Asks: 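The following block contains the structure, expressed as C-alpha cells.
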Amino acid sequence: MIKTLFYSFFLLFLAIPAVWAAPPEDDSNRNLQGQVTSVSQFSDVQPTDWAFGALQSLVERYGCIAGYPNSTYRGNRALSRYEFAAGLNACLDRINELIATATSDLVNKQDLAVLQKLQSDFAAELATLRGRVDTLEARTATLEAQQFSTTTRLNAQIITAISDTFGNRVGGEDDESNLYFANRGRLNLESSFTGKDLLRVRLEFGNFTNSNGGSQIAAATGTGMTRLNFDNDSNNTLIIPHIRYYFPVSDSLSFVVGPTGIGYNDITDNVTPATIADDGNGIPSLFGKNSPLFERGGGGAAANLNISKNLVLTLGYLANNPNVPSAQNGLFDGGYNALAHLVYYGKQGSIGVAYSHGYTPAGSVDITAGRGSALSGAPFGNTIATSNSIVGAQGYYRFSPNFQIHSWGGYIWSTAKNSGLSDISNGRGGTDSLFVNNGDNANAWFGAIGMSFPDVGGKGNLPGILFGIPPRVSNSDVRQDRDNAYHIEAFYRYRLNDNISVTPGFWVILNPENDSRNDTQYVGVLRTTFDF
C-alpha cells in the first residue's frame with residue numbers, strides 16, 4: 001500500500017505543474033504559509049481549473065498542501081526539485097500519520113483506483129522524464145571532464161569607440177585630429193582557492209596608442225586633457241599587464257600583492273561610485289574617472305585593516321619597476337609610491353582621506369598620470385628626478401536611488417632631487433631649457449564634482465555630468481601654469497541589455513594646458529561596451 005501511494009502521489013505532483021510554487025519575486029512571499037484546510041482559501045484557484053479536483057482532495061482529504069502568505073497557490077508556475085521534495089515529504093508524513101492512527105477509511109479502494117489510473121495515464125511522461133534526467137547526467141559528466149578549471153572563471157570586456165576632437169592643436173593654428181575608431185579588450189582570469197581569496201591574471205589588447213606607447217589623441221591635440229579613460233593600450237598586441245592576488249588572513253585584515261600592473265585602484269577603494277569609475281560603463285574621459293591621486297603604481301603589496309565595521313585603513317607600497325634588478329630599479333632602489341588611505345563607509349555614501357608619497361627617477365616623471373597639464377606632470381622636466389607628496393579627499397553620497405553626487409580634490413608638493421638644465425613645458429606645445437636646482441619646489445592642485453542619475457531613462461542607464469579643474473602648478477621655483485583649465489563633461493550610458501551598453505559623451509576643455517592662449521578643445525565619443 002505504501003509503495004502504491006508513493007508512486008500515486010508522485011504522479012499527482014506531475015499532473016499538477018506547481019504543487020509548490022517556484023521562488024517568489026519579492027521578500028513578502030518568500031516563505032510558505034501554514035497548512036490550509038479548504039481549497040477555497042487559495043485566491044487564485046478556481047473550480048474550472050483542470051487540476052481543481054486533485055488539489056481539493058489533497059487539501060481537504062489528506063491535509064498536505066500549503067500556499068503562500070498572500071493566500072495564493074500559483075499553480076501555473078514551474079516545480080523545482082526542492083519544492084517537489086518538500087511537497088512529497090509533507091504528503092508522506094500525512095499518510096504515515098493516517099496509517100499509524102488506523103484511519104483506513106480516509107484512504108479507500110476508490111482513491112487507490114484513481115491513483116493507479118493516473119500512474120497508467122502518465123507512464124509515457126515518466127519515461128520521458130527518466131530519459132531527460134539521464135541525458136542531463138551525461139552532459140554534466142562531459143562538462144566536468146572537459147572544463148577549463150574548477151577554480152577559475154573568465155570575465156571579459158571589449159570596448160570600441162568612435163571619437164574626435166575639435167579645436168586647434170595646443171600652440172598651433174590647425175585642428176590636427178581626425179575621426180578615429182579604435183578598440184580595447186580585457187580578459188580577466190579570476191581564480192579562488194579558498195572561496196575568500198582571489199587571483200586575477202589579465203590579458204589585454206588594444207590600438208588606442210601609437211608605436212611609442214603614447215596616446216594618439218594627446219599627440220594630435222597637444223594635451224592629455226583630451227584623453228579617453230580606456231586609451232592606454234598598444235597596437236593590438238596581447239600582453240599581460242596585470243597580476244593581482246587578494247587574500248584575507250582574518251575578518252579584519254587582508255592583503256593584496258602583485259608583481260605588475262597594480263595601482264592604488266587595485267589596493268584600495270577610490271571612493272568614487274563604481275558606475276562612474278568603470279572604464280567601459282562609466283564616464284568616458286580620463287580626467288573624470290577618479291582622483292589623479294589614485295593613478296600610480298607598479299608592483300608591490302598592501303594591507304587593508306578594518307578598524308571597525310565602517311572604517312578601513314589601507315597601507316600600500318608599489319615600486320615602479322620591481323622586476324628590473326639594475327641600478328635605480330627593483331623594489332627599493334627605483335621609483336615608488338606609498339599610500340595611506342582611511343575610508344569611512346556610511347549607509348548612503350562614503351568619504352576618504354589619503355596621503356601618497358612617491359619618487360620618480362629622471363626619464364619617467366609623470367606625477368599627474370596624464371590628467372593635467374604637461375607642466376603639472378613634470379614640473380622640473382623629465383630629466384630631473386622628482387619626489388612628490390599628495391594629500392587628497394574624495395567621497396560620494398546617494399540622495400536617492402536615482403541621484404548621487406561625488407567629488408574629489410587634492411594638493412601636490414613636488415621637489416627636485418638633482419640639478420641641471422631641463423626641458424620644461426611652456427604650455428604651448430613646446431619646451432624651454434631652464435636650470436633647476438636640487439631642492440626646488442613646485443605645488444599643484446586639482447578637483448572635480450559630478451552628479452549622476454542611475455536608472456534614469458530606463459533600468460541600467462546612467463546619465464551624468466562633471467565639472468573639474470585638472471592639475472595646475474600654482475606655485476613653483478622654476479615655472480608655474482599661467483591659467484586654470486576647466487573641464488565640463490556630460491555623458492549618457494544607455495543599457496541595451498545585460499551585456500551591451502552604448503555611451504555617447506562630450507566634454508569641453510577651456511584653457512587647455514592651463515593656458516588661455518590655447519584654443520578651446522571639444523571632445524566627442526561614442527563608446528560601445530561588451531561585457532561577458
Side-chain angles (χ1 to χ4, degrees), residues 165-177 209-210 212-227 285-287 292 295 360-388 390 411-447 468-487 507-523:
T165 65
F166 307 92
N168 292 339
R169 189 184 191 279
V170 167
E173 298 181 354
D174 296 300
D175 181 351
E176 299 181 11
S177 68
T209 54
N210 58 37
N212 295 320
S215 168
Q216 295 192 47
I217 193 61
T221 60
T223 176
M225 297 178 183
T226 58
R227 288 184 57 184
S285 71
L286 180 66
F287 169 73
E295 299 301 324
T360 308
S364 57
V365 179
D366 188 4
I367 297 171
T368 57
R371 268 70 174 174
S373 64
L375 183 63
S376 68
F380 312 113
N382 197 34
T383 59
I384 302 294
T386 306
S387 66
N388 67 86
I390 310 174
Y411 197 80
I412 306 171
W413 292 266
S414 300
T415 303
K417 306 306 289 185
N418 61 280
S419 302
L421 285 172
S422 181
D423 293 331
I424 299 176
S425 172
N426 62 13
R428 294 281 288 159
T431 60
D432 295 325
S433 183
L434 302 177
F435 191 83
V436 178
N437 292 304
N438 187 1
D440 278 349
N441 294 307
N443 305 112
W445 62 281
F446 56 87
I469 299 177
R472 172 187 183 269
V473 177
S474 57
N475 182 56
S476 175
D477 293 329
V478 180
R479 169 174 280 171
Q480 66 185 54
D481 282 316
R482 289 172 55 95
D483 305 291
N484 285 324
Y486 299 99
H487 179 110
W507 67 95
V508 179
I509 305 162
L510 305 176
N511 307 328
E513 288 297 294
N514 294 317
D515 195 318
S516 60
R517 294 174 295 176
N518 296 320
D519 283 357
T520 298
Q521 290 287 329
Y522 303 89
V523 185

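Keep in mind the model is a prediction, meaning the values are calculated, not measured.
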Asks: Does any N or O in the side chain of Arg517 come within less than 3.5 Å of the main-chain N or O of Gly171, such that one atom is a donor and the other an acceptor?
Replies: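 Answer holds: no.
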Asks: State whether the side chain of Asn418 and the backbone N or O of Ile384 hold a donor-acceptor pair below 3.5 Å, judged by distance alone.
Replies: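 Such a contact is absent between Asn418 side chain and Ile384 backbone.
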Asks: Minimum heavy-atom separation for Pro292 to Pro471, with atom names?
Replies: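 In terms of heavy atoms, the two residues are closest at CG-CG, 4.3 Å.
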Asks: We want to know whether Thr165 and Thr226 form a side-chain donor-acceptor pair, criterion being a heavy-atom distance below 3.5 angstrom.
Replies: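 Side chains of Thr165 and Thr226: no pair found under 3.5 Å.
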Asks: What closest approach, in Å, do Ala442 and Pro379 show between heavy atoms, and which atom pair accounts for it?
Replies: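 Looking at all heavy atoms of both residues, the closest pair is CB-CB, 3.8 Å.
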Asks: Using 0.5 Å steps for rounding, measure from the CG atom of Asp519 to the CD atom of Glu173.
Replies: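 The CG atom of Asp519 sits 9.5 Å away from the CD atom of Glu173.
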Asks: Please determine, by modelled atom types, if Thr383 and Ser422 share a side-chain donor-acceptor pair under 3.5 angstrom.
Replies: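 There is such a pair (donor and acceptor under 3.5 Å, judged by atom type) between the side chains of Thr383 and Ser422.
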Asks: Look at the aromatic rings of Phe287 and His487 and report parallel, tilted or perpendicular, splitting at 30° and 60°.
Replies: tilted
Asks: What are the two closest non-hydrogen atoms of Gly372 and Met225, and how far apart are they?
Replies: C-CE, 3.8 Å
Asks: Between the side chain of Glu513 and the main-chain N/O of Ala374, is any donor-acceptor distance below 3.5 Å?
Replies: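 Answer holds: yes.
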Asks: Run through Asp432, Val436, Thr431 and flag the one making a side chain to side chain contact (heavy atoms under 4.5 Å, CB included) with Ile424.
Replies: Val436
Asks: Check each of Asp515, Asp481, Asn511, Asp483 against Ser373 using the side-chain hydrogen bond (donor to acceptor under 3.5 Å, both in side chains) test, and report the only one that passes.
Replies: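 Testing Ser373 for a side-chain hydrogen bond (donor to acceptor under 3.5 Å, both in side chains) against Asp515, Asp481, Asn511, Asp483 leaves exactly one candidate, Asp481.
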Asks: Can you tell if the side chain of Leu286 reaches within under 4.5 Å of the side chain of Arg371, non-hydrogen atoms only?
Replies: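 Answer yes - side chains close enough.
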Asks: Can any side-chain N or O of Asp174 pair as donor or acceptor with the backbone N or O of Glu176 at less than 3.5 Å?
Replies: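 No; zero donor-acceptor contacts below 3.5 Å.
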Asks: List the atom of Trp445, the atom of Tyr411, and the distance in Å for their closest heavy-atom pair.
Replies: CB-CD1, 3.6 Å
Asks: Mind checking the OG-CG spacing from Ser419 to Asn437? Nearest 0.5 Å is all I need.
Replies: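 It is 5.0 Å, given to the nearest 0.5 Å.
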Asks: Distance from Asn518 atom CG to Leu510 atom CG, nearest 0.5 Å?
Replies: 12.0 Å
Asks: Determine whether a donor-acceptor pair (N or O, by modelled atom type, separation under 3.5 Å) exists between the side chain of Arg482 and the backbone of Ser516.
Replies: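 No.
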Asks: Would you say the side chain of Ser376 lies within less than 4.5 Å of the side chain of Ile367, judging by non-hydrogen atoms?
Replies: no
Asks: Without swapping roles, check the side chain of Asn382 against the backbone of Ser364 for a donor-acceptor pair under 3.5 Å.
Replies: yes
Asks: Do you know which two heavy atoms are closest between Asn426 and Arg479, and how far apart they sit?
Replies: CA-NH1, 3.3 Å
Asks: I'd like to know if the side chain of Ser414 reaches the main chain of Ile412, judged simply by a donor and an acceptor atom lying under 3.5 Å from each other, with no hydrogens or angles considered.
Replies: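 A pair under 3.5 Å: no.
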Asks: State the CG-OH distance between Asp175 and Tyr522, to the nearest 0.5 angstrom.
Replies: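 That separation rounds to 11.5 Å.
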Asks: Between Ile509 and Tyr486, is any pair of side-chain heavy atoms under 4.5 Å apart?
Replies: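 In short, these two side chains do not touch, never coming nearer than 4.5 Å.
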Asks: Show the nearest heavy-atom pair for residues Phe380 and Thr386, with the distance to one decimal.
Replies: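 So the two residues come closest at CD1-OG1, 3.8 Å.
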Asks: Evaluate the side-chain proximity of Asn514 to Leu375: yes if any heavy-atom separation is below 4.5 Å, no if none is.
Replies: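 With C-beta onward as the side chain, the pair stays apart.
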Asks: Using the side chain to side chain contact (heavy atoms under 4.5 Å, CB included) rule, pick out the option among Asn443, Thr368, Asn484 that qualifies with Arg472.
Replies: Asn484
